[in-house]
Amino acid sequence: QVQLQESGPGLVKPSQTLSLTCTVSGDSISSGDHYWNWIRQAPGKGLEWIAYIFYNGNTYYNPSLKSRLNISIDTSKKQFSLNLSSVTAADTAVYFCARVYGPLGNAFDVWGQGTMVTVSS
Amino acid sequence: DIQMTQSPSSLSASVGDRVIITCRASQSISDYLSWYQQKPGKAPKLLIYAASTLHSGVPSRFSGSGSGTDFSLTISSLQPEDFATYYCQQSYSNPRTFGQGTKVDFK
């Protein structure tokens with residue numbers, strides 16, 4: 001059974017960098033059928049897709065966040081990570097990691113439970 | 001970016017009701033449309049992908065239809081566990097985008 005688990009600080013100060021890691025279990029992170037995503041949800045709001053990364057390091061970032069974003073993957077640890085710099089209160093959200101499985105119409109078929117990140121001094 | 005617009009934004013229904021939620025894309029997305037269910041404090045769950053294919057383990061009372069720009073999610077007979085927020089999402093192009101959500105609550 002595939003499981004994703006987010007980890008990282010729950011509180012980040014304004015202007016600092018938000019760093020999160022997603023650990024994959026029960027699946028190969030290196031499969032060409034999958035790619036790995038970050039999605040966030042501000043309190044009481046809808047879902048916003050942030051970025052994805054393939055096992056080989058190829059990435060695509062949401063243009064609205066691209067200038068502040070960096071995501072990476074460590075296949076040996078079965079982890080992928082998100083770094084979002086220069087955060088403001090608008091970055092306060094629950095951050096989810098999620099898998100896309102290509103044969104399922106590129107849908108997000110497995111999600112982590114989410115981790116709440118608050119940006120505040 | 002492709003805009004996804006759901007309607008209604010919220011609806012009130014009773015157990016046993018037939019519920020239909022629609023989703024419109026700002027341009028054609030073929031059948032690259034998925035539906036998710038989200039309950040408070042939980043991650044979204046995939047219900048339907050490729051516009052009309054039921055994901056494994058999802059009850060058959062859920063169904064999806066449409067292609068191009070217009071899509072719908074139907075719950076044939078609403079059950080107590082179906083009260084939640086539903087989102088559509090396109091995977092036709094980057095950036096991936098979601099509808100704003102439809103909250104289904106008790107009448």
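Below, all heavy atoms of this structure are taken into account, side chains as well, without hydrogens, waters or symmetry copies. Here is the naming used below: chain letters follow the sequence lines, and residue numbers restart at 1 for every chain.
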For residues [X] and [Y]: do they belong to one hydrophobic cluster (side chain heavy atoms under 4.5 Å, members Ile, Leu, Val, Met, Phe, Trp, Tyr)?
X     : Y      : value
B/L54 : B/V19  : yes
A/I39 : A/L69  : no
A/I71 : A/V94  : no
B/I20 : B/L78  : no
A/F54 : A/L104 : yes

Chain B contacts: which residues in residues 9-19 of chain A have a non-hydrogen atom closer than 4.5 Å to it?
->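 The residues closer than 4.5 Å to chain B amount to none at all.
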Heavy-atom pairs under 4.5 Å with chain A, option from B/G41, B/G99, B/A43, B/P44 with the top count |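 Between B/G41, B/G99, B/A43, B/P44, the count favours B/P44.
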Using non-hydrogen atoms and a 4.5 Å limit, figure out which bit of B/P40 sits close to chain A: side chain, backbone, both or neither.
->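 B/P40 has no heavy atom closer than 4.5 Å to chain A.
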Could you tell me which portion of A/P43 (side chain, backbone, both or neither) has an atom closer than 4.5 angstrom to a non-hydrogen atom of chain B?
->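 Contact with chain B is absent: no heavy atom of A/P43 under 4.5 Å.
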Check whether A/F108 gets within reach of chain B through its side chain, its backbone, both or neither, counting any heavy atom under 4.5 Å.
->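 Contact with chain B involves both backbone and side-chain atoms of A/F108.
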What residue in A/A98, A/G112, A/A107, A/G114 has the most heavy-atom pairs under 4.5 Å with chain B?
->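 Most pairs with chain B among the choices: A/A107.
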Which side chain or backbone donor-acceptor pairs connect chain A with chain B at less than 3.5 Å?
unit_1	atom_1	unit_2	atom_2	d
A/Y35	OH	B/R96	NH2	2.6
A/Q41	OE1	B/Q38	NE2	2.8
A/Q41	NE2	B/Q38	OE1	3.0
A/Q41	NE2	B/Y87	OH	3.3
A/Y52	OH	B/N94	ND2	3.0
A/G105	O	B/S91	OG	2.9
A/F108	N	B/Y36	OH	2.9

